[in-house]
2 protein chains.
Amino acid sequence: MNGSRTKAQAGVNLPALRHHNAALILDLLRAAGAEGISRLELAEGTGLTPQAVSKITARLREDGLAVGAGLRPSTGGKPRTVLRLVPDAQFAVGLHLDRDGLTAVLVDLAGRPVAVTRAPLDLGAPADRVLAGAADAVHDLCAAEPHKPVLGVGVAVPGPLDHRDGVLRRVTGFPQWDGYPLRAALAERTGLPVALDKDTNAAALALALAPGGAGGGDFAYLHLGTGLGAGLVLGGRVHRGARTGAGEFGHQTLQLDGPLCGCGGRGCVEALCLAAEARGDRPEAARILGAGAANLVGLLDIDRVVLGGRTVAADEDTYVRGVRAVIEERASRGGAGAGVTVTVARGGDRPVAEGAAQLVLAPVFGRVGEGE
Amino acid sequence: MNGSRTKAQAGVNLPALRHHNAALILDLLRAAGAEGISRLELAEGTGLTPQAVSKITARLREDGLAVGAGLRPSTGGKPRTVLRLVPDAQFAVGLHLDRDGLTAVLVDLAGRPVAVTRAPLDLGAPADRVLAGAADAVHDLCAAEPHKPVLGVGVAVPGPLDHRDGVLRRVTGFPQWDGYPLRAALAERTGLPVALDKDTNAAALALALAPGGAGGGDFAYLHLGTGLGAGLVLGGRVHRGARTGAGEFGHQTLQLDGPLCGCGGRGCVEALCLAAEARGDRPEAARILGAGAANLVGLLDIDRVVLGGRTVAADEDTYVRGVRAVIEERASRGGAGAGVTVTVARGGDRPVAEGAAQLVLAPVFGRVGEGE
DNA sequence: TCCACTTAAGCAACGCTGTTGCTGAAGTGC
DNA sequence: GCACTTCAGCAACAGCGTTGCTTAAGTGGA
């Protein structure tokens, strides 16, 4: 009780401590990228002593996860040795199961894709056939790096689901998936650990872990395509909520007793925004999206709004400017949103598959969401 | 970068590990209340071994924070010894600085108030005078338990502020508080550690830690008084956002291009809701509040909505039923919100002062927000 | 009444963590 | 060439939770 559900089983013993600190170091190595980072900087970043960092990095080097990468210029003494992550020490597979296609990607530890496959997909087909196609894609990708360990498979799907037990819920229009234990089924077929999440959450995770992602902090990813959804990153972690249902942004009421939405409600952002798009009034669509975004910014006090999806990609400028205008106007009146940046996620749907792979990689770097 | 701001300095060494596990045990003891909890249950709740729990509880007993409290009935062997928290081992002071009054409360470790004082307050008076009044209240309360340690002072204020550095921002109508370093000033006057937060966050914290609080999980506290604000508890912790600004619920747009609000915006929930109240249409006010609450429930996938504040207190039933109706209607259409409970926080403003004290107590039990 | 059995809790030894203190390595600069 | 600075690793150490075992304190059947 008292919210302790998320804290249950949170006792820390020495192996857990060791794992935690190693993950922390790995995360800093990953963030440092190819440039690398010195032991003393790692010590400063973790609060551990330099000697502890030396021991931990020695273990990581033994495991092949880190290597030396040259020296820093001397500042009057022995120059610092630079360490960097070995990206191709381990890999992960990301799957994006969408309504009309399957994208599969093999990424290295740094999150970079090293192999991609795409195939058409009929979500209406029997589950077994869809699953077989997904498993085949996984096997093909694993063959791209035959002698390196693949940590697992991350899967991003459009519909509602339970992230904890890996079971789908009510994929709109495809009743055969309702209650389907996708995680267990795919884990059995591939022999690999499987993690499952919503597509918007995967995209948000990809952005949260992207190198040079314009700084970190809390942000929201708003995806405007055939629908409108959101992925939230709070405190550097994907916020999934109690039932993996967080991020239902599109059916936020923005116009009390407004026009009917496909969901049965009235005045939902999604309906208003897409209606404006449909009648060609894109600035109005952007303004509506901005109003929803501003609500979210005020409610959560986030630093950053990232827009994505096909509809946004069609006219990035109008959407970015429109959303930014609404947020800045509210901030200028003394409301929330001062200093919030509005940007666009490029690359279409590819980030979703990469984010799915990050579902597997995130735990390696200690980036575990609350629903895990 | 990459959201690691919240993870900086997160390296864990042995003292940190010890402190973490002790806090975890203390939190379970607190949650168990006067009934107590056995060592083996503590072991199960933390994931630690029974022997580790024995060692930790032995230290807590030495420090006077825990005591034995009888035996469980035997299940065929040696009966379990029950342990419970010693509530009056330590205390904390909570202050609620409101526009028209100062409420101060001394609470024990269990969060129960043992002494309360109230005094009128003029926030428009010079800062020094207000501060002197607050410091006096603290000293008077400390005298109520002369020989017990007081851990610190928690302060709840209405306006925007920065929780991290304890500085006020733009308290509406009282420009002399803009930028005032309340935490530092009060810490110097009282010689005690001081924590500062918004009143709605304090209320939410009080609810999150309340014994028998109808189960835990994520929830939102919606306060409808002269204004409308929210306190969010996600993952058992108060969500404050990057700048302690989270919870701006009242100026969420609910009616695009609707009536003008005092904030300068249009169609804010607060304006719509209070306008309906003013014209006597309370069911409509409740429906509007419910629409805003449903937006929040969908966005964050929370378990529970708690209503409070003077306006709600005037007609709890109408508000609870109205808000519940909107959330349930949306859930029934397949939207978010299934199983969400809507309840009322009673006790008027008293919980705010108690929640302020919990700002000091929360770290003892490992309940540290992200902004700390 | 006794004794076998069950369950809980503590003692002792242990492995392993990060820390401390110090030594050697590898540069700079007068 | 030597004094100084800075980094990195070795060795000893304190302290954490764990493991293995013993003792305590009940139940229940013979």
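As the structure is a computational prediction, the values presented were derived from the model and not from experiment. Within every chain, numbering begins at 1; the chains are lettered A, B, ... in the order of the sequence lines, protein sequences first and strands thereafter.
- Between B:R30 and B:L109, the closest side-chain pair of non-hydrogen atoms is not below 4.5 Å.
- Between the P atom of C:dA9 and the CD atom of B:E41 lies a distance of 10 Å, rounded to the nearest Å.
- A:L42 has its CG atom 14 Å from the C1' atom of D:dC7, to the nearest Å.
- With distances taken from any side-chain atom of A:S54 to the nucleotides D:dG9, C:dA8, D:dG17, the minimum falls on D:dG9.
- Atom CG of B:L17 and atom P of C:dT19 are 12 Å apart (whole Å).
- Distance from the side chain of B:N21 is smallest to D:dG17 among C:dA9, D:dG17, D:dG26.
- Looking at heavy atoms from C-beta onward, A:V86 lies out of side-chain contact with A:L65 at the 4.5 angstrom threshold.
- In this structure, B:L24 places its CG atom 14 Å from C1' of D:dG17, rounding to the nearest Å.
- Straight-line distance from the CD1 atom of A:I56 to the C1' atom of D:dA8: 15 Å, rounded to whole Å.
- For A:Q51, whose side chain is taken as the heavy atoms from C-beta onward, the closest listed nucleotide among D:dT27, D:dC10, D:dG17 is D:dC10.
- Rounding to the nearest 0.5 Å gives a distance of 7.0 Å between CG of B:D108 and CG of B:D88.
- With rounding to whole Å, A:E44 atom CD is found 15 Å from D:dC7 atom C1'.
- Between B:T57 and A:L71, the one whose closest nucleotide on DNA chain C sits nearer the 5' end is B:T57.
- B:S38 comes within 4.0 angstrom of nothing in the nucleic acid, heavy atoms only.
- Counting to the nearest Å, the P atom of C:dG18 and the CG atom of A:N13 are 13 Å from each other.
- Considering only side-chain atoms of A:R80, the nucleotide from C:dG10, D:dT19, D:dC7 that sits closest is D:dC7.
- Checked for salt-bridge contact, B:D197 and B:R240 meet the test: a charged N lies under 4.0 Å from a carboxylate O.
- In terms of phosphate contacts, B:R39 brings a side-chain nitrogen or oxygen within less than 4.0 Å of OP1 or OP2 of C:dG10.
- Among the atoms of the strands shown, base atoms are found under 4.0 Å from some heavy atom of B:L14.
- For B:R59, the listed nucleotide lying nearest its side chain is D:dC16; candidates were D:dC7, D:dC16, D:dT18.
- Nearest to the side-chain atoms of A:K78 among the listed nucleotides C:dA26, D:dG9, D:dT27 stands C:dA26.
- In this structure, A:T75 and A:V12 both approach DNA chain D, and ranking their closest nucleotides by distance from the 5' end singles out A:T75.
- Dashed line: the shortest gap from a side-chain N or O of B:T81 to OP1 or OP2 of C:dA9 is under 4.0 Å.
- For the atom pair B:D162 CG and B:L182 CG, the distance stands at 12.5 Å (nearest 0.5 Å).
- Considering only side-chain N and O atoms, A:T49 lies nowhere under 4.0 angstrom from the phosphate OP1 or OP2 of C:dG18.
- Applying the 3.5 Å distance criterion, the base of C:dT19 shares a donor-acceptor pair with the side chain of A:K55.
- Taking atom CZ of residue B:R18 and atom C1' of nucleotide C:dG18, one finds them 15 Å apart after rounding to whole Å.
- Of the candidates B:L232, B:V233, B:D301, B:L234, B:D218 forms a side chain to side chain contact (heavy atoms under 4.5 Å, CB included) with just one, namely B:L234.
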